[in-house]
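Notes to accompany the following structure.
Note: hydrogens, waters and symmetry copies are ignored here, and every other heavy atom, side chains too, is used. Per chain, numbering begins at 1; letters A, B, ... match sequence-line order.
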Amino acid sequence: MFPAQALISWFKKNSRAFPWRNRRGVYGVWISEVMLQQTQASRVIPFYKKWMQRFPSLNSLAQARDEEALLYFEGLGYYKRFHGIMKTARLLSGKSFPKQAELLNKLPGVGKYTAAAIASLVFKQRVAVIDGNVARVLSRYFAIESSCAEIAKDSKTEALVESILPKREYAVFSEALIELGAVVCKKQQPSCNACPLALSCAAWLSKRVERYPLVLGRAQKKVFSTIGIIEKDNQFLLLKRENKTRLTDMWEFPILEHHKQGLSKQAIAKGLREQIGEQIAIEELNLLLTRKLFSFSHSYTSFKAYVEVWASDVKLSHEKLSKKKSYRLAKNARYVRKKALLKKPFGAAAARVREYLLAKAST
DNA sequence: AATCCGTGGTT
DNA sequence: TAACCAAGGAT
């Protein structure tokens with residue numbers, strides 16, 4: 001018999017205070033649940049507070065400009081979440097949220113977990129709420145020989161959770177299971193001595209807690225990139241990542257991703273030229289890559305980028321460029337003053353370059 | 001169905 | 001430093 005009451009009692013004494021637990025309005029729960037996807041609660045707090053202050057309601061969000069709203073998501077990562085939020089906001093503008101998990105699941109960016117969480121927390125629907133935390137707790141309690149991802153998406157897990165849902169306070173129970181995974185039944189160094197489930201936990205009873213859940217390793221690819229800082233009349237050239245699969249609609253300095261280290265400057269210049277504007281002479285771009293500013297590495301989800309940042313000792317001017325009738329800037333390119341760099345949403349790698357430029361008196 | 005999508009903190 | 005991790009979803 002699963003000790004549901006012990007878990008609920010534990011939760012009532014030990015639950016952490018979060019801003020999204022103050023009120024249970026569907027809008028706030030939705031925003032918090034999306035922000036919490038694959039993101040630790042402590043990191044979400046400041047983002048959530050600023051977001052709710054600026055966009056306190058569904059309608060205020062639906063009326064917002066995408067680029068301004070994206071600034072409030074900058075730094076959280078997995079930006080598809082942001083685009084899903086905006087799509088859903090406009091879809092629901094002037095309407096009310098659906099209350100059934102099945103319908104919530106159809107909203108952009110609202111998957112099985114988030115739909116169940118909203119339905120349970122806000123609308124008190126009796127549904128299984130399964131996230132990574134729950135999967136880990138289950139893997140240990142029942143000694144399931146699978147990875148968290150496999151457990152979470154296995155339909156049998158849903159039936160398992162439904163079978164242990166208590167008759168009363170099932171919404172609190174679901175939240176407690178998540179909280180237990182986050183605070184006690186952690187991946188590393190779980191606090192089994194403080195766990196209300198320990199006495200009947202299969203992994204704990206067999207002293208094999210660290211074995212669960214199973215993990216599958218994956219190799220990380222490497223990518224080498226070169227950024228060209230192009231400055232003209234004290235403005236920096238930026239490119240907006242339109243129609244890209246990652247970092248969609250965010251801004252960056254002209255960057256060329258290549259898969260070999262030590263690509264020739266000529267080849268890099270050519271690659272950058274194609275992004276910036278087709279008609280810039282290669283000779284000119286070569287002049288733009290005369291001085292290496294610094295280099296750094298940045299880890300993305302499935303690859304690690306080794307980035308070199310280059311700049312020029314040659315100062316361009318509008319006058320000089322406009323004399324070339326062949327000069328044409330790409331549609332997604334803008335020259336931006338230093339002070340305005342912070343008004344554009346940047347990914348972490350571009351933001352790192354931005355910090356470098358802002359910290360320096362000049363390039 | 002396997003793969004991709006970010007980031008900052010921890011080990 | 002490299003590897004791993006944290007309240008998933010979409011294709």
State which of B:dC5, B:dG6, C:dA6 makes the closest approach to the side chain of A:Q40. C:dA6
Interatomic distance, A:K244 NZ vs B:dG6 P [rounded to whole Å]: 13 Å
Name the closest nucleotide to the A:Q37 side chain, picking from C:dG8, B:dT7, C:dA2. C:dG8
With a non-hydrogen cut-off below 4.0 angstrom, is A:T114 in contact with a base, only sugar-phosphate, or nothing? sugar-phosphate
Any cation-pi pair here, A:K232 with A:Y335, using under 6.0 Å and within 45°? yes
Starting at the 5' end of DNA chain C, which residue's closest nucleotide do you reach first, A:I178 or A:K80? A:I178
Atom-pair distance (OH on A:Y300; P on B:dG6), nearest Å: 9 Å
Using a heavy-atom cut-off of under 4.0 Å over every strand shown, decide if A:V110 touches base, sugar-phosphate, or nothing. sugar-phosphate
With rounding to whole Å, what would you report as the distance between B:dG8 and C:dG9 at their P atoms? 22 Å
When A:T226 is tested against each of A:H258, A:K265, A:E308, A:E257 for side-chain hydrogen bond (donor to acceptor under 3.5 Å, both in side chains), which residue passes? A:H258
Do NZ/NE/NH1/NH2 and the carboxylate oxygens of A:K344 and A:E67 come within less than 4.0 Å? yes
With rounding to the nearest 0.5 Å, note down the distance linking CD in A:E74 to CG in A:L342. 8.0 Å
Could you check whether A:F47 gets within reach of a base, just the sugar-phosphate, or nothing at all, counting any heavy atom under 4.0 Å? nothing
Between the base of B:dG6 and the side chain of A:T301, is there a donor-acceptor distance below 3.5 Å? yes
With heavy atoms under 4.0 Å as the rule, sort A:R246 into base, sugar-phosphate or nothing. sugar-phosphate
Here the distance between atom P of C:dA10 and atom CG of A:N105, to the nearest Å, is 7 Å
Within the structure shown, what part of the strands sits under 4.0 Å from A:R136 by heavy-atom distance: base, sugar-phosphate, or nothing? sugar-phosphate
For atom CZ of A:R43 and atom P of C:dC5, their distance in whole Å: 17 Å
Is there a side-chain contact between A:K304 and the phosphate of C:dA2, meaning an N or O under 4.0 Å from OP1 or OP2? yes
Write down the distance between OH (A:Y79) and C1' (B:dG8), rounded to a whole number of angstrom. 11 Å
Both conditions, 6.0 Å and 45 degrees, for the charged tip of A:R246 above the ring of A:Y300: are they met here? yes
Any Lys/Arg nitrogen of A:E145 or A:R208 sitting under 4.0 Å from an Asp/Glu carboxylate oxygen of the other? no
Heavy atoms under 4.0 Å, any strand shown: does A:S299 hit a base, just sugar-phosphate, or nothing? base
Counting the atoms with a prime plus P, OP1 and OP2 as sugar-phosphate, which does A:G347 contact under 4.0 Å by heavy atoms, base, sugar-phosphate, or nothing? sugar-phosphate
Whole-Å gap separating P (B:dT7) and CD (A:E252): 11 Å
5′-ward residue of the pair A:H298/A:K153 relative to DNA chain B: A:K153
Quick check on the 6.0 Å ring-centre criterion: do A:W51 and A:F47 meet it? no
Using a cut-off of 4.0 Å on non-hydrogen atoms, how would the nucleic acid contact of A:G77 be classed: base, sugar-phosphate, or nothing? base
Looking at every strand, decide which applies to A:R21 at a 4.0 Å heavy-atom threshold: base, sugar-phosphate, or nothing. base
For A:Q38 and A:Q188, take the nucleotide of DNA chain B holding the closest heavy atom to each; which residue's nucleotide lies nearer the 5' end? A:Q38
Among the nucleotides C:dC5, B:dG8, C:dA2, whichever has the atom closest to the side chain of A:K187 is C:dC5
Which whole-number value in Å describes the distance from A:K222 NZ to C:dA2 C1'? 9 Å
What is the separation between atom CZ on A:F18 and atom C1' on C:dA6, rounded to the nearest whole Å? 12 Å
Let me spell it out: for each of A:G109 and A:T39, pick the nucleotide of DNA chain C with the closest heavy atom. Which residue's pick is nearer the 5' end? A:T39
Would you indicate what A:L247 reaches in the nucleic acid, counting non-hydrogen atoms under 4.0 angstrom: base, sugar-phosphate, or nothing? sugar-phosphate
